[in-house]
Amino acid sequence: MAGEWRQCKVGDLFDLKPGFAFKSADFIDTGAPVIKIKNVKANAVVLDDLSYVDDEFLEKKKSYIVNYGDILITMSGNRFDGSRDTWVGKVAQFRSSEPYLLNQRVAILRPKTGTKLDHRCCSYILGSSEYQDLFIAIATSSGGQANLSPSQILSADVLLPPYEKQRVIAHILGTLDDKIELNRRMNETLEAMARALFKSWFVDFDPVRDKAEGRDPGLPKHIADLFPNSFEDSELGEIPRGWEVGRLDKVTDFLTGYAFKSKDWIEQGVPVIKIGSVKPGILDLRAVSYVSEEVAQKAARFRLSAGELLIGMTGYVGEVGLVPRTDNPPLLNQRVGKFLLEKPGTAALAYLYCLTRQPEFKAKVEIKSHGTAQANVSAEGILSIEVVVPPKTTRDEFNRVVQPILDRILETHAESASLAMIRDSLLPKLISGEIRINQAREYMSLGHKP
């Protein structure tokens with residue numbers, strides 16, 4: 001197979017354009033989105049947690065707009081310390097038609113004029129573990145950070161398959177990625193539905209407002225009957241009559257993580273959820289550390305189960321996420337907290353999840369935090385937050401409606417994780433010839449992991 005492929009330099013195939021050095025003063029709350037290093041992951045450009053600049057930059061800096069199909073590479077980052085998402089030399093293809101600007105220390109690789117390439121296949125090749133290792137190896141270090149120069153990237157060797165094989169490889173792996181992206185969008189829609197219902201019932205009080213103004217709330221009678229038809233004043237403003245204002249510990253308890261020692265960390269073993277894993281929605285298990293089974297036994301009560309709700313207490317204070325389904329259940333590290341729902345009278349998971357995912361809740365956690373170099377919040381600070389507390393029957397009804405949505409989100413996320421594992425396993429084997437294209441198709445059709 002290798003004889004059919006050709007050895008060349010990245011610079012023989014691509015031109016490289018680094019992003020623009022926006023000033024910190026350029027960034028504003030809304031406007032034209034900017035892709036930074038944090039948005040470029042291994043084989044994925046994540047278009048959330050974006051920064052923005054004035055729309056006028058779209059005209060002033062047209063040459064820094066990322067085009068659909070562009071290959072992006074990060075030019076600064078860690079070597080092999082930290083999670084993979086922090087490494088230098090991460091490569092991913094941009095697959096959006098909306099206008100995004102590119103920030104410094106991320107570069108665009110665009111095929112040279114007249115060069116016949118399948119962008120997606122090249123993105124997979126350059127984003128494989130083999131090339132990730134290569135980019136880390138050739139990067140230079142400065143102040144604890146690894147950096148790639150344009151010349152280092154363009155002088156890297158690359159083994160390129162014939163164009164027709166490029167297209168087939170891109171189709172096989174792209175089919176998996178397209179399904180992952182479809183799942184991501186579906187989960188976004190499902191979560192938006194759950195949070196919209198929570199806001200309607202427990203923030204805007206729409207059913208109470210409708211009944212108070214003589215309108216049909218448009219709910220089944222057994223649900224409409226759970227809501228009063230008038231309001232009363234409280235320290236948090238107007239709330240439905242008969243509902244309460246109370247501390248968060250009225251509806252949940254709390255467990256802070258185990259203080260593992262630095263000597264406990266090993267290369268592989270039992271995963272430990274650290275603060276870097278706490279992402280909104282579902283936790284990111286790519287950012288875990290590991291301990292031995294022996295150490296894990298000592299911290300057995302901090303073992304986590306799928307669907308449990310965690311919150312960041314340092315750095316990412318107030319960010320909450322669900323523990324995903326996994327064959328290797330993780331442990332809970334210090335400075336990450338877990339909401340407990342076992343004691344009588346506590347809220348059900350769906351209610352508490354949607355409550356803590358409200359922007360207002362995160363803002364309240366940030367107010368409770370302290371520290372200058374890095375924000376920190378205590379368990380008491382979180383549990384002391386005052387919230388509107390509906391009757392348990394109303395919370396339970398919300399859970400009955402919304403818990404199946406959360407279950408579906410977790411199921412879809414697990415499917416995507418499995419598809420990503422198949423993709424990552426297929427990629428090096430397709431490139432090396434260990435698995436031929438027709439074999440890869442057979443694996444996919446049978447749903448097997450190679």
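For the single chain, residues carry numbers from 1 onward in sequence order.
Ring geometry, Phe135 versus Tyr131: the interplanar angle falls from 30° to 60°, so the pair is classed tilted.
Between the side chain of Ser155 and the main chain of Ser151, a donor-acceptor pair closer than 3.5 Å is present. Side-chain atoms of Trp5 do not come within 3.5 Å of backbone N or O of Leu159 as any donor-acceptor pair.
A 6.0 Å sphere centred on NZ of Lys250 holds no more than 12 heavy atoms belonging to other residues, nucleotides or ligands. More than 12 heavy-atom neighbours from other residues, nucleotides or ligands sit within 6.0 angstrom of CD on Glu56. Crowding of Phe302 atom CZ: a count of heavy atoms from other residues, nucleotides or ligands under 6.0 Å exceeding 12. Remark: Arg167 CZ is loosely packed, at most 12 non-hydrogen atoms of other residues, nucleotides or ligands lying under 6.0 Å away.
What you find for Tyr353 and Leu309 is that their closest heavy atoms are CD1-CD1, 3.6 Å. Looking at every heavy atom in both residues, Leu134 comes nearest to Ala156 through CD2-CB, 4.0 Å. The shortest non-hydrogen separation linking Pro161 to Cys121 is CG-SG, 4.4 Å. The two residues Leu383 and Thr252 come nearest to each other via the heavy atoms CD2-O, 3.9 Å. Nearest heavy atom pair, residue Lys362 against residue Gly318, reads CG-O, 3.9 Å.
Residues passing the side chain to side chain donor-acceptor pair (under 3.5 Å) test with Thr189: none are found, sequence neighbours excluded. Applying the side-chain contact (heavy atoms from CB on, under 4.5 Å) rule to Glu130 yields the partners Ser128; only residues at least two apart in sequence or on another chain are considered. Take Arg184 and apply the side-chain contact (heavy atoms from CB on, under 4.5 Å) test, not counting sequence neighbours, and it matches Glu181, Glu188. For Tyr351, the ring pair (Phe, Tyr, Trp, His ring centres under 6.0 Å) criterion is met by Phe198, Phe202, not counting sequence neighbours. In this structure Asp178 satisfies the salt bridge (charged side-chain N to carboxylate O under 4.0 Å, His left out) test together with Arg120, sequence neighbours excluded. Lys199 meets the side chain to side chain donor-acceptor pair (under 3.5 Å) test with Asp204; sequence neighbours excluded. With sequence neighbours excluded, no residue forms a side chain to side chain donor-acceptor pair (under 3.5 Å) with Gln268. When the side-chain contact (heavy atoms from CB on, under 4.5 Å) test is applied to Ala417, no partner is found at least two apart in sequence or on another chain. Here Glu308 pairs with Lys338 under the salt bridge (charged side-chain N to carboxylate O under 4.0 Å, His left out) rule; sequence neighbours left out. In this structure Arg105 satisfies the side-chain contact (heavy atoms from CB on, under 4.5 Å) test together with Ile37, Met75, Ser76, Asn147, sequence neighbours excluded.
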Verdict with reasoning, Asn103 to Phe27, per side-chain contact (heavy atoms from CB on, under 4.5 Å): CA-CA 11 Å; Asn103 196 43; Phe27 293 106; 4.1 Å; yes
Audit row: Gln132, Ile136, side-chain contact (heavy atoms from CB on, under 4.5 Å) steps and yes/no: CA-CA 6 Å; Gln132 173 70 89; Ile136 289 176; 3.6 Å; yes
Worked verdict on Lys112 versus Asp15 for salt bridge (Lys or Arg N to Asp or Glu O under 4.0 Å): CA-CA 6 Å; Lys112 289 180 173 294; Asp15 292 319; 2.8 Å; yes
Stepwise side-chain contact (heavy atoms from CB on, under 4.5 Å) check, Gln334 with Thr256: CA-CA 6 Å; Gln334 61 183 337; Thr256 54; over 6 Å; no
Criterion side-chain contact (heavy atoms from CB on, under 4.5 Å) on Tyr52 and Val34, from CA distance to verdict: CA-CA 6 Å; Tyr52 300 87; Val34 178; 5.9 Å; no
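Exactly one residue among Glu98, His119, Gln93, Arg95 makes a side chain to side chain contact (heavy atoms under 4.5 Å, CB included) with Tyr68. That residue is Arg95.
Neither side chain, Asn187 nor Glu191, offers a donor N or O lying under 3.5 Å from an acceptor on the other. In summary, the side chains of Tyr100 and Asn39 do not present any donor paired with an acceptor at a separation below 3.5 Å, with no hydrogens or angles considered. Remark: the Asn78 side chain and the Thr86 side chain contain an N/O donor-acceptor pair separated by less than 3.5 Å. Checking Asn183 against Thr412 by side-chain atom types alone, no donor-acceptor pair falls below 3.5 Å.
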Taking only distance into account, with no hydrogens and no angle test, what donor-acceptor pairs under 3.5 Å do side-chain atoms of residues 271-279 form with protein atoms, sequence neighbours excluded?
from   : atom 1 : to     : atom 2 : distance (Å)
Lys274 : NZ     : Ser289 : OG     : 3.4
Ser277 : OG     : Asp284 : O      : 3.2
Ser277 : OG     : Ala287 : O      : 3.1

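Geometrically, Lys60 engages Phe57 in a cation-pi contact defined by less than 6.0 Å to the ring centre and at most 45° from the axis.
Electrostatic pairing of Asp157 and Lys9 counts as a salt bridge here, judged by a charged N lying under 4.0 Å from a carboxylate O.
Screening residues 296-305 for salt bridge (Lys or Arg N to Asp or Glu O under 4.0 Å) gives Glu293-Arg303 as the qualifying pairs, with residues at least two apart or on separate chains.
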